[in-house]
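Every chain is numbered from 1, with letters handed out A, B, ... down the list of sequences. Every value quoted in this text rests on a predicted model; they were computed, and no experiment measured them.
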Protein chains: 2
Amino acid sequence: MRSETGEREAPSFIESARRAQIVECAIDAIAALGYPRASLAQIARRARISKGVISYYFADKDELIRQVVHEVLTAFDSYMRPRIEAERGSAARMLRVYIESNVAFMATHRKHVLVLVDILTHERRFDGKPLIDAKEYESGLMELEQILRRGQRTGEFRRFSTRVMAVSIRQAIDGVAPQIVANPNLDLDAYGAELAEIFDLATRA
Amino acid sequence: MRSETGEREAPSFIESARRAQIVECAIDAIAALGYPRASLAQIARRARISKGVISYYFADKDELIRQVVHEVLTAFDSYMRPRIEAERGSAARMLRVYIESNVAFMATHRKHVLVLVDILTHERRFDGKPLIDAKEYESGLMELEQILRRGQRTGEFRRFSTRVMAVSIRQAIDGVAPQIVANPNLDLDAYGAELAEIFDLATRA
DNA sequence: CCGGTTTCTGACCGCATGGCCAATTTTTAG
DNA sequence: CTAAAAATTGGCCATGCGGTCAGAAACCGG
């Protein structure tokens, strides 16, 4: 299936379908069992195929996981971007929308968000290097910092370390995920509004 | 070593020493390799003993890990408590001291904090039950909420969800740990002050 | 010096994992 | 229809895991 020549051939219909199916089943498996227990065997079982098929389409488990992360991140991005861009006028409104949209996305994409967080917390190595992705994730932090800097430039925001603020906001948002599982009835709209209020007060000039 | 009778005998000198040594080596191993890679074999290697010794003194790995968590949490508690109690007069000052002491503790106990966070994030199961500890940890959240409620009662703080605020504060603090590794020169005093400022503004009436 | 107890070793067990591959079935194209 | 290519199977592998155990060694009171 894989051409060894320089030019990459268009993936066959089956190839795309299988890849998508396997990625989807990986998400299901991680959501159901947690990242550490989501083995290739489990993923294969859910797809009703043999493990070998996964190896056939993905070089190794890392590539599969990277694909899962990419998929979720892409969905996330296309949800967030237009909502934030719509508020270009005010950094304060951008920040509010950033936080609220983020939480709202979690409400409508619970499974995917859970899986993302699970992978990121379990795969991220303290010692740094083999960190498979995190670049895509880290870039999210950069965008957040940009909003903050813009607000400081326009005078809407007070002076503060944009780094510390950005990390705190991200952490506060990420902290929602575990609570969704612990308490499925959690009112996420209210939660998002609370969070937005907290960081509105924290940033305002 | 273990008496089967009801009355527990005083642990021998060797027993206490070994237990302490093993716990210490477990901390080293987790700090160096990360929780998932800190196997009994690795821990034993660092202690220059055979795996069997660990099994001899600890029923299973869970008990060892529970001991590690307990040790770090105890040190943390005895560091924090007096500092916070000293500010009994004002909830706002208590909160500030809570945040700054927390970050300061991280500065002086980097390894132990790293290990704690590593264990907690990796061991916490989404599906809940086998959650070995987390009670001790969760109780920290309660104390934080108490400070917040007190501030609301005295009118120092505005109205907000103490739960959301407490989780956000904890998350913001916990978010420091990974950055310590990524950037060992991080100015934690400044970081703590920034964080305290953020949540001072967010809570003030 | 002895005999029992505590401590410790190193080999071993069963299990699950990620990955590999020869053989087979299915699809595709001439 | 046929033969090459793509897709799939199922068994196999080495590895590392947590945990166990018989027996050796060290220790200690009498």
Side-chain angles (χ1 to χ4, degrees), chain A residues 1-5 7-23 25-26 29-30 32-68 118-119 122-123 125 130 132, chain B residues 1-5 7-23 25-26 29-30 32-68 118-119 122-123 125 130 132:
Chain A
M1 124 252 193
R2 189 154 279 289
S3 82
E4 298 304 335
T5 82
E7 21 203 337
R8 65 182 71 226
E9 312 171 11
S12 74
F13 172 77
I14 289 186
E15 174 162 354
S16 330
R18 272 282 187 240
R19 284 190 142 250
Q21 181 208 18
I22 291 169
V23 166
C25 289
I30 295 171
L33 308 169
Y35 181 73
R37 286 193 256 271
S39 62
L40 292 184
Q42 278 293 332
I43 295 168
R45 199 175 61 76
R46 273 153 213 272
R48 292 181 215 278
I49 55 180
S50 94
K51 273 192 311 171
V53 180
I54 298 179
S55 302
Y56 184 66
Y57 289 107
F58 297 90
D60 52 21
K61 199 185 183 185
D62 281 359
E63 195 200 317
L64 208 204
I65 298 302
R66 238 177 283 128
Q67 203 54 233
V68 169
D118 204 13
I119 293 176
H122 283 85
E123 192 58 31
R125 290 264 29 81
I132 33 178
Chain B
M1 124 251 193
R2 190 152 280 287
S3 82
E4 298 303 335
T5 82
E7 20 202 339
R8 65 182 70 225
E9 312 172 10
S12 74
F13 172 78
I14 290 186
E15 174 162 353
S16 328
R18 272 283 187 238
R19 285 190 142 250
Q21 182 208 19
I22 292 170
V23 166
C25 290
I30 295 170
L33 309 170
Y35 181 74
R37 286 193 254 271
S39 62
L40 292 184
Q42 279 292 333
I43 295 168
R45 200 174 61 75
R46 272 153 213 274
R48 292 179 215 280
I49 55 179
S50 93
K51 272 193 311 172
V53 181
I54 299 179
S55 302
Y56 183 66
Y57 290 107
F58 297 89
D60 53 22
K61 200 185 183 184
D62 281 359
E63 195 199 319
L64 208 204
I65 297 301
R66 240 177 282 127
Q67 203 55 233
V68 169
D118 205 13
I119 293 175
H122 284 85
E123 192 57 31
R125 289 264 28 82
I132 34 177

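- Residue A:S39 is in sugar-phosphate contact alone, with no base atom involved, counting any heavy-atom pair closer than 4.0 Å across all strands shown.
- Atom CZ of A:F58 and atom C1' of C:dC20 are 18 Å apart (whole Å).
- Note on B:R18: a side-chain N or O is less than 4.0 Å away from OP1 or OP2 of C:dC8.
- Relative ring orientation between A:H122 and A:Y35 is described as tilted, the plane-to-plane angle lying within the 30° to 60° band.
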- Message: side-chain contact (heavy atoms from CB on, under 4.5 Å) for B:L33 and B:R46? Distances and angles first, verdict last.
- Response: CA-CA 12 Å; B:L33 309 170; B:R46 272 153 213 274; 3.8 Å; yes

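- Side chain of A:I49, nearest nucleotide from D:dT9, D:dC17, C:dC20: D:dT9.
- When all heavy atoms of A:L40 and A:I54 are compared, the pair lying nearest together is O-CD1, 3.7 Å.
- When each of A:L40 and B:V53 is assigned the nucleotide of DNA chain C with its nearest heavy atom, B:V53 is the one assigned upstream, toward the 5' end.
- Side-chain proximity of A:Y57 to the nucleotides D:dA7, C:dC8, C:dG19 is greatest for D:dA7.
- Computed from coordinates, the A:R45 CZ to C:dG18 P distance equals 14 Å when rounded to whole Å.
- Looking at heavy-atom distances under 4.0 Å, B:I54 makes no contact with the nucleic acid at all.
- Listed candidates were C:dT9, C:dT6, D:dC17. Nearest to the side chain of B:S50 is C:dT9.
- When the P atom of D:dC17 is taken as reference, atom CG of B:D60 falls 17 Å away, rounded to whole Å.
- Between A:S55 and B:R48, the residue whose closest nucleotide on DNA chain C is further toward the 5' end is B:R48.
- When rounded to the nearest whole Å, the span between CZ of B:R37 and P of D:dC17 equals 10 Å.
- Checking D:dG19, D:dC12, D:dT20 against every side-chain atom of B:K51, the shortest atom distance belongs to D:dG19.
- D:dT20 atom C1' lies 17 Å from atom NZ of B:K61, rounded to whole Å.
- Taking atom CD1 of A:I43 as the reference point, atom P of C:dG19 lies 11 Å away to the nearest angstrom.
- Counting all heavy atoms, side chain and backbone alike, A:Y57 lies closest to A:I22 at CD1-CD1, 4.3 Å.
- To the nearest angstrom, P of D:dC17 lies 10 Å from CG of B:L33.
- Across B:I43 and B:A29, no two heavy atoms sit closer than the pair CG1-CB, 3.9 Å.
- At D:dA7, one or more side-chain N or O atoms of A:Y56 fall inside 4.0 Å of OP1 or OP2 (strictly under the cut-off).
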